[in-house]
2 protein chains.
Amino acid sequence: MQEPTFLILTALAAGPQHGYGVITDVREISAGRVVLRAGTLYAALDRLQAEGLIADDREEVVDGRVRRYYRLTDSGGARLTAETERLRRHTEVATTRLRARLAGGAAFHGLAGGALSGRGLAGGAA
Amino acid sequence: MQEPTFLILTALAAGPQHGYGVITDVREISAGRVVLRAGTLYAALDRLQAEGLIADDREEVVDGRVRRYYRLTDSGGARLTAETERLRRHTEVATTRLRARLAGGAAFHGLAGGALSGRGLAGGAA
DNA sequence: GTCGATATACAGATGGTCGATATATAAAGA
DNA sequence: TCTTTATATATCGACCATCTGTATATCGAC
């Protein structure tokens, strides 16, 4: 699952929202770093709906425009939970290694040219 | 940055490795959930090298076969650090929302149909 | 009339997946 | 011994999913 998709599900995890709302929410969540294009969003919504991760919630008419609300399904919630866990584990390993790399200095820049006996810190099998 | 790319950089964050080693390391890191195909790996290595995030480290000949070692460049380390931070923030928001969703129950399944005044918990602008 | 909110559509780029191929050595078997 | 098969390693190409970029349409407000 790519970042935009993850963020869309995260946006909907807070409650049903319409397309445009998701865009603004995702921008907020990511502190402005991820700004979804309309094309990205609606294609993703279709896809996610086809996968059963989200569903139509209701439609409202505001100022003559239809607002279609989407919500996370239980399946979508489960999926987001799983993805989150996965990402959390990955960031943990990366953080550990990056820290070791800084601490280790030269040894991690190839100057030790060694056997990397215990490359370790992988977190092994979960 | 997609998951395979992230994991490749993470693998190299532990020290220089050759292609096949990266594949096995990534499988380890992800507890078997991500198994890179050779095609994916070498294409990614080329790409990352072109971007300056990794570099050739050295070549060894083991059992007649050449092993080409790659290492993370400083730029690559910085990039991985940034990506990790980004992911960490995203997972934090997702975790918070998922927890609220569980706690809130019905209100988050569309049954409250409300205005979502403070959809919040987004972490705002960093 | 143009702007903002909202939705749809489509072409193009990027990156990943899958599968096939190649090489060298070691191990297994005829 | 000669051949086949397996293992470690690297390369290539066709295809596909997802994201980006951009254009377009609608309706009400300014």
Side-chain angles (χ1 to χ4, degrees), chain A residues 1-12 16-28 30 32-51 53-54 56-70 79 83 86 90 115-116, chain B residues 1-12 16-28 30 32-51 53-54 56-70 76 79-80 83 86 90 115-116:
Chain A
M1 175 180 300
Q2 288 189 232
E3 187 176 41
T5 305
F6 180 85
L7 291 172
I8 289 168
L9 292 183
T10 301
L12 293 179
Q17 292 192 68
H18 53 100
Y20 209 84
V22 170
I23 291 182
T24 57
D25 193 21
V26 164
R27 181 164 44 211
E28 237 184 82
S30 69
R33 274 175 248 98
V34 179
V35 181
L36 298 177
R37 308 289 124 164
T40 304
L41 178 73
Y42 292 105
L45 289 176
D46 283 353
R47 209 181 347 115
L48 293 171
Q49 199 158 17
E51 286 180 60
L53 302 183
I54 67 175
D56 274 342
D57 191 58
R58 66 188 187 280
E59 292 194 351
E60 270 178 15
V61 177
V62 177
D63 292 335
R65 282 165 236 115
V66 177
R67 273 187 180 171
R68 186 167 311 133
Y69 282 76
Y70 302 88
R79 181 66 191 283
E83 275 299 314
R86 178 192 193 100
H90 289 174
L116 283 178
Chain B
M1 176 180 297
Q2 290 189 230
E3 188 178 39
T5 304
F6 180 85
L7 291 172
I8 289 168
L9 291 184
T10 301
L12 293 179
Q17 291 192 69
H18 53 100
Y20 209 84
V22 171
I23 291 182
T24 56
D25 194 21
V26 163
R27 181 165 43 211
E28 236 184 82
S30 69
R33 274 174 250 96
V34 179
V35 180
L36 298 177
R37 307 288 126 161
T40 303
L41 177 73
Y42 292 104
L45 289 177
D46 282 353
R47 208 179 350 108
L48 293 172
Q49 198 159 18
E51 286 180 59
L53 302 183
I54 67 174
D56 274 342
D57 191 58
R58 67 187 187 282
E59 293 194 350
E60 270 177 15
V61 177
V62 177
D63 290 337
R65 284 164 234 116
V66 177
R67 273 187 178 172
R68 187 170 310 133
Y69 281 77
Y70 301 89
R79 182 66 192 282
L80 180 57
E83 274 301 312
R86 179 192 193 99
H90 290 173
L116 284 178

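First the proteins, then the strands, lettered A, B, ... as listed; each starts at 1.
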Chain A footprint on DNA chain D, 5' to 3' - any atom under 4.0 Å from a heavy atom: D:dT18 to D:dG28
Can you name the residues that form a side-chain hydrogen bond (donor to acceptor under 3.5 Å, both in side chains) with [X], not counting sequence neighbours?
| X | answer |
| --- | --- |
| B:Arg79 | none |
| A:Arg86 | B:Glu3 |
| B:Arg37 | none |

Using whole Å, what does the distance between atom [atom2] of nucleotide [N] and atom [atom1] of [X] come to?
| X | N | atom1 | atom2 | answer |
| --- | --- | --- | --- | --- |
| B:Leu45 | C:dG16 | CG | P | 11 Å |
| A:Arg67 | C:dT8 | CZ | C1' | 18 Å |
| A:Tyr20 | C:dA7 | OH | P | 10 Å |
| B:Ile23 | C:dG16 | CD1 | P | 14 Å |

Nucleic acid footprint by protein, nucleotides 17-22 of chain C - heavy-atom cut-off 4.0 Å, B for base, S for sugar-phosphate alone: BBB---
All side-chain contact (heavy atoms from CB on, under 4.5 Å) counterparts of A:Ile23, not counting sequence neighbours: A:Leu36, A:Leu41
Partner set under side-chain contact (heavy atoms from CB on, under 4.5 Å) for B:Arg67, not counting sequence neighbours: B:His18, B:Glu60, B:Val62, B:Tyr69
Within-4.5 Å side-chain heavy-atom neighbours: A:Thr5 and A:Glu83: no
Min side-chain heavy-atom separation A:Leu45-A:Tyr70 under 4.5 Å: yes
Consecutive-pair stems (3 or more, Watson-Crick or G-U, under 3.5 Å) for DNA chain D: C:1-30 with D:1-30
Position toward the 5' end of DNA chain D (nearest nucleotide), A:Met1 or B:Tyr70: B:Tyr70
Least distance between heavy atoms, A:Ala11 atom then A:Gln17 atom: O-NE2, 3.0 Å
B:Arg33 versus B:Ser30, closest heavy-atom pair with distance: NH1-O, 2.7 Å
side-chain hydrogen bond (donor to acceptor under 3.5 Å, both in side chains) contacts in which one or both residues fall within residues 41-50 of chain B, not counting sequence neighbours: B:Gln49-B:Asp56
Distance in Å, B:Ile8 CD1 paired with B:Ile54 CD1, rounded so as to fall on 0.5 Å steps: 8.0 Å
